[in-house]
Trainee: 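Here it is: the structure, laid out below.
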Amino acid sequence: MEYKPSDFETKWREKWLKDKIYSAGLIDSNTKKFYSLYSFPYPSGDGLHVGHVEGMVANDIVARYYRMNGFTTIMPMGWDGFGLPAENFAIKTGVHPHIKTEESVANFIEQINKVGIGVDWDKEVGTHRADYYKWTQWIFLQLYKKGLAYKKLAPVNWCPKDQTVLANEQVIDGKCERCDTLVEQKEMSQWFFKITDFADRLDKDLERVDWPEGTKQQQRNWIGKSEGTKVKFKVEGEFTSTLPGEIEIFTTRLDTIFGCTFLVVSPENQVIEKYKDVIRNISEVREYVKAAKNKTDLERQMQKEKTGVELMGVKAINPFNQDRLPIFVADYVLNTYGTGAIMAVPAHDERDNEFAVKYNLPVFPVIAKEFGEPKPNEQFVDGVSLVLFNKQNGEYGFIKHKNGFVGLVSGGISDNEDYYQTAKRELMEETGLWDYESIHKLGEVVYAHYYHSGKKINRFAKTQGMLVVLNSAQKKELSLEEHEVGFELVWLSPKEIIESYNAEGTKHWQEILLRGVRLTKNLGLDTKTKIENFPENLFTGKGVLVNSFKKPFRFDYVKSVIVIKEPLIADSDLERLQDKYKISYNRFGYWQGVDFLKTDNSLFIVGYDLKEKDELFIEFNSLNIKWENVFEYVSSAEIYKFSNSTTKEPVNDINLTKSENELLEFIFSKAEIDYSQKSSDTATSEMQDWLLKNELGEKTILYKLRDWLVSRQRYWGAPIPIVYDPEGNIHPVKEEDLPLLLPEDVDFKPTGESPIKASKSFKEIAESKYGKGWYFESDTMDTFVDSSWYFLRYIENKNESEIFSLPKFLPSVTNSESNKSLYQVLETLVGKFAEQKVDYAVFGSVAVSLLNRSPHKELGDIDFFISKDSIDTAKKILETIGCNFESESENLYVTLKNDQRGQILAFKKGDLEVELIEVEWDKKIWEQRVLVPFNSSIAYIAPLNSLINHYKRRENTQLINFLEAQNTQANLWLPSDLYIIGTEHTVLHLLYSRFFTKFFFDQGYINFDEPFTKMRHMGLILGPDGRKMSKRWGNVINPTDEVNTFGADTLRMYEMFMGPFEEAKPWNNRAENGVFRFLKKVWELKDRVKTEMINLEVAKKQEVALHKLIKKVSSDIENLSFNTSVAKFMETVNYLGEFEFVKKDLFEILLKLLAPFAPFITEELWSILGNSYSIHQSSWPEAREELLKDETVKIAVQINGKVRGTIEVSTEALEWEVMAMAKEEKNIAKYLDGGIKKIIYVKGKILNIVV
RNA sequence: GUCGGAGUGGUGGAAUGGUAGACACGACGGACUUAAAAUCCGUUGCCCGUUUCGGGCGUGAGGGUUCAAGUCCCUCCUCCGAUACCA
């Protein structure tokens, strides 16, 4: 008989359905279960896709494998029935979406059965059916009750041509997908779910699930947790004092705050209107704000350049250094994130830099690059490294050391030298070069951590790069000493040297050298060096802080101090001058200023000149005089002037009194605040502390995640169960009125409002139930709401009175508590239990036992039970408090004497112990379940099932019953064990499902808070042409066609064989045919089956092959590595095909192993061989270890790592035996003449001989 | 730009740091056939030496660690997916 799938596939399909072999009944806490979950499809008119088949077959194989391994298994199926396509179809044809959807469902069921997916159809759900969406609405009401569903104005995508609201997916490049009209934003009042309350848990709990790392990462990105700081900037008028209120900004880079040169607020920020009276250009500002608000998303995206307007007349004060900063409004700052205001640090942020460059604002670097990692006991050194450029010939000068290493001329700073002085000195000392034209700083200093191998110490080096431009290479003679040291000056092209500075300790030189070359090129001196990858001008990374200090007077920028003896100036005049020339709008950039300070007999005028080119005039004695010339006008003035901004030495000598000297010293005094030289991280946390102490800011955690907009102005969705009174007030629909049915008397044509709104019947029902003038909400819910809980409904899909059976005692947390840590939640609950006079309660997967409700009441001894997984922790704690304990079997029992209770409470308060608890609690609560004393009561927690077993031993029936009651079917079946879902659902569906699960958990409905323990994505199946399957390309493969040509088994196995399950792969009909040929071989093997084999050696060989197959297939299924399983099947069947006969019991093992992959052919052959129905209810074979080990093995013999031959040796052979055999091999022996250096022998693997 | 994932024969893809290319498709040669299809047998990474056999090269590129690297580390390139003024 030939292999013809159509001969028997229908027969078995019908029998399986009739016998319900895939259905599971109720389970209890002793059941081993497996819940195989496939993401339920949208029942589209196009029918089942090969991608669905791929996922379902994978789910099915794993489910069948676990079933055969004795697990009670379900694989339910359902329909994500609400959605746009059915509604669009209705708009076009007038066919009601319900009819169309159910039609498609019937088609899907037919197709799924054809593929042989073992679905438990008794558990089918459809989100569009009233018995399902009744509970979707019920969930809405529960969320509403807890304050987690609310209504607010929000923009929607509006197509002005179609007069309709569009979903985000319907907007393509800012245009309507149907008519290409530009989409507008329109404000409408809409419903939201407060998922943001759960942001932290949604982020943190990702640690606990077994999901693809990439998907977890995408969820994290979506939630967008970012830790930063809010900082308050006081606001001042231009020439007036502090204005009320402040601008609060959010930053993740507090360490850069000394580089802040302006503030930016979003157009929507209220501070604009708040300071409207002092903003001089308010009308210009308002115009900008209006224009920004009118921009569509598309326009904002298209706009490349940043725009903004300064708020003239107001300044913000940097709390760290009192800099007066200009404030801008610009639409690159979003009002919806953070505080809607930022501190701009153009030196260390790309966007701020772009803005600053455009508006010519100062850029002030405060973070220096840091190379290497901090090391212990570092020696700090401060110095310069020189890039020498010879103008004459365009060559660069380096120092070549004795050992051949070519380095930059470098040296440390001595005494009070500045960098220029050091550079000159080192140049002379090390090279003798003297004929320099100019010396330039190469940007900011750089820091490097490295090990100095010569001095054998760790170093932390601060290095200023300097460029020395030389007129010529003329040298003075160096002292003899220097020659002896072995330096040699060499002139090179820098290119290859730059590449060699790649290691620790020289990497910062690479940076300096590159900066040097760039500067010479920018100065037009070097025209021949060709280097492309110069370091970024803008450094956005973390590093070491520089220039981050506040001094009363900034020595670095003081140009000169004028001392006027016996000044003739009135105090009021002085104040006026102080105000007028108030210094330091900024200490950098174009703002300049003058400080006026008075001692008993002198006036000090401290002049800052920051950009030397600008002239500074001041008003003095009614004269507007040039700063430089003040002393010419004031006879008693003496000027204390400095040669350059880094030297303290005065140009002229003047005699100062003691108090004047003190004042001068004060001007040059050390910083009050100085974060320089600290790492970004250290500085950030120290700055946060400082802000907190001074009440100027605080640490803040922000999330990108926004609340979930669930309103849809559509017909084909679950109606939102809200009713409005005639005044428009919101009321929840009464639970007994659920389901709130979708009305039938509607026109599907889009109007911009939900089609339901015009329904007469809908209105009538509202009025009859709630009163005249009352009306229902006409929006329906986002279909993601429907699909966020379907996996829970499967279990009890026919339960009419409850969403699913709920535990008898429902501890629940209120909204305000829902985002607390579990510790806090439990603590609250304990209080609640106490009020309700319950001794025991179950919360989550742990039981809480209250041992003492009233702290002052005398109690007897208390029994503690600690589960085995937390014994070590518990012992540690108990030892600390001096408590007696004994180990009994696996668990630990503790009797706590009454007088030790106080110790426990004290132990909670003690330093060390508190730390212990908190660490254990936060990190590992679900695993550790440590002993937990609560504030006024003592409670302990333990896993539910261990607790039940514990009380069974103690025969406490009442408690056992109570605890067992928590074992609802939902709690027993979920979380699901394997969830297979497409990559398109990496964010929203999975996130929303997790949100709902956490909400249910908080309400006590369920005892788990993550729904999908293990989740995997099936890879995309591409068309035969390598493109994504699409009607447009005509490359769609229809699974039913494939079943008709090749049979379901071939389709299933081929899809598994195509490639790694989780990767994208193209369809190939010919390869599919190869799988058919394989199944045919299996089919034909049945004619060679023999119960008893005459040739025992052959029997043994076959047995070994089959047991290896068992091992491979079992582990492959567990790892979802189906393609390699199929390959192994093929290999084994090809091998069996070599023999005349196949042993019957071994062939039956093959059938069992193959059954999950190819259920039809295996059932047929199983039956032909006379076995009892059904193979799918038989048990999985076990691999016998002794058959898996080979006696001999072929190992490779390598010479110097290259394979030169193979020898067959016993698996247990010793090195000398193997070596002896290897030496006999001709091809190996010829390499051994030169003598053997080393032998590496890995038993059963390889022999490598080094010669 | 940022974050993920991936680069291996003509193709889909195998390979706990231990003989790269399992298994399959295709191609080539042969058998059967009047012929074709189907089926079966053999060959098949590239290059060199006539062959058994031996040698060289080879997992996106370049470095490194190791007795030994597709696999581990560093730098870079390409493709796919996600996201984007998120401070």
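Just so it is clear: chains get the letters A, B, ... in the order the sequence lines come, proteins before strands, and each one is counted from 1. Keep in mind that the numbers below use all heavy atoms, side chains included, and drop hydrogens, waters and symmetry copies.
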Trainee: Only one of A/Gln218, A/Met1015, A/Lys216 forms a side chain to side chain contact (heavy atoms under 4.5 Å, CB included) with A/Leu990, so which one is it?
Mentor: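 Only one of A/Gln218, A/Met1015, A/Lys216 forms a side chain to side chain contact (heavy atoms under 4.5 Å, CB included) with A/Leu990, namely A/Met1015.
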Trainee: Taking only side-chain nitrogens and oxygens of A/Asn221, does any of them come within less than 4.0 Å of OP1 or OP2 of B/rA84?
Mentor: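 Negative; the distance criterion is not met.
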Trainee: Using the purine O4'-C1'-N9-C4 or pyrimidine O4'-C1'-N1-C2 torsion, is B/rG9 syn (within 90° of 0) or anti?
Mentor: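 Base orientation: syn.
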Trainee: Taking a pair as Watson-Crick or G-U wobble with both distances under 3.5 Å, which nucleotide is matched to B/rU71?
Mentor: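 Base partner found: none.
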Trainee: Between B/rA24, B/rG13, B/rU19, which nucleotide has the shortest distance from any of its atoms to the side chain of A/Asn1123?
Mentor: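 The closest nucleotide is B/rG13.
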Trainee: Using 4.0 Å as the upper bound for N to carboxylate O, is an ion pair formed by A/Lys232 and A/Glu248?
Mentor: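 A/Lys232 and A/Glu248: not salt-bridged.
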Trainee: Between the base of B/rC23 and the side chain of A/Lys1128, is there a donor and acceptor pair under 3.5 angstrom?
Mentor: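 Donor-acceptor pair under 3.5 Å: no.
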Trainee: Is the phosphate of B/rA82, meaning OP1 or OP2, less than 4.0 Å from a side-chain N or O of A/Thr986?
Mentor: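 Looking at the OP1 and OP2 atoms of B/rA82, neither is under 4.0 Å from any side-chain N or O of A/Thr986.
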Trainee: In Watson-Crick or G-U wobble terms, both distances under 3.5 Å, what is the partner of B/rC3?
Mentor: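 Because both required distances fall under 3.5 Å, B/rC3 counts as paired with B/rG81.
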Trainee: Partner of B/rA37 by Watson-Crick or G-U wobble geometry, both contacts under 3.5 Å, or none?
Mentor: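 No nucleotide pairs with B/rA37.
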Trainee: Does A/Arg1204 put a side-chain nitrogen or oxygen below 4.0 Å from OP1 or OP2 of B/rG56?
Mentor: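 Indeed, a polar side-chain atom of A/Arg1204 lies that close.
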Trainee: Given B/rG13, B/rA87, B/rA20, which nucleotide is nearest the side-chain atoms of A/Ser226?
Mentor: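 Of the candidates, B/rA87 comes closest.
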Trainee: For A/Gly1074, report the nucleic acid contact type (base, sugar-phosphate, nothing); a contact means any heavy atom under 4.0 Å.
Mentor: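 Sugar-phosphate: the residue A/Gly1074, judged by heavy atoms under 4.0 Å, touches backbone atoms but no base.
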Trainee: Reckon A/Arg1077 has a side-chain N or O less than 4.0 Å from the OP1 or OP2 of B/rA24?
Mentor: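 It does not, given that no N or O in the side chain of A/Arg1077 lies less than 4.0 Å from OP1 or OP2 of B/rA24.
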Trainee: Just name whichever nucleotide pairs with B/rU16, Watson-Crick or G-U, keeping both distances under 3.5 Å, else none.
Mentor: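 Pairing partner, where one exists within any strand: none, as none qualifies.
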Trainee: Salt bridge check: are A/Lys1065 and A/Glu54 linked by an N-O gap of less than 4.0 Å?
Mentor: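 A/Glu54 and A/Lys1065: salt-bridged.
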Trainee: Looking at B/rG26, B/rC40, B/rG18, which one has an atom nearest to any side-chain atom of A/Arg1070?
Mentor: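 Side chain of A/Arg1070 sits closest to B/rG26.
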Trainee: Using purine N1 to pyrimidine N3 plus N6-O4 or O6-N4 for Watson-Crick, or N1-O2 and O6-N3 for G-U wobble, each under 3.5 Å, what pairs with B/rG26?
Mentor: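 B/rU44 is the nucleotide pairing with B/rG26.
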Trainee: Does the side chain of A/Asn1069 get closer than 4.0 angstrom to OP1 or OP2 of B/rC25 through an N or O atom?
Mentor: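 Answer is no, no contact under 4.0 Å.
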Trainee: Does A/Lys1112 have a side-chain nitrogen or oxygen under 4.0 Å from the phosphate oxygens OP1 or OP2 of B/rC23?
Mentor: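 Result: no.
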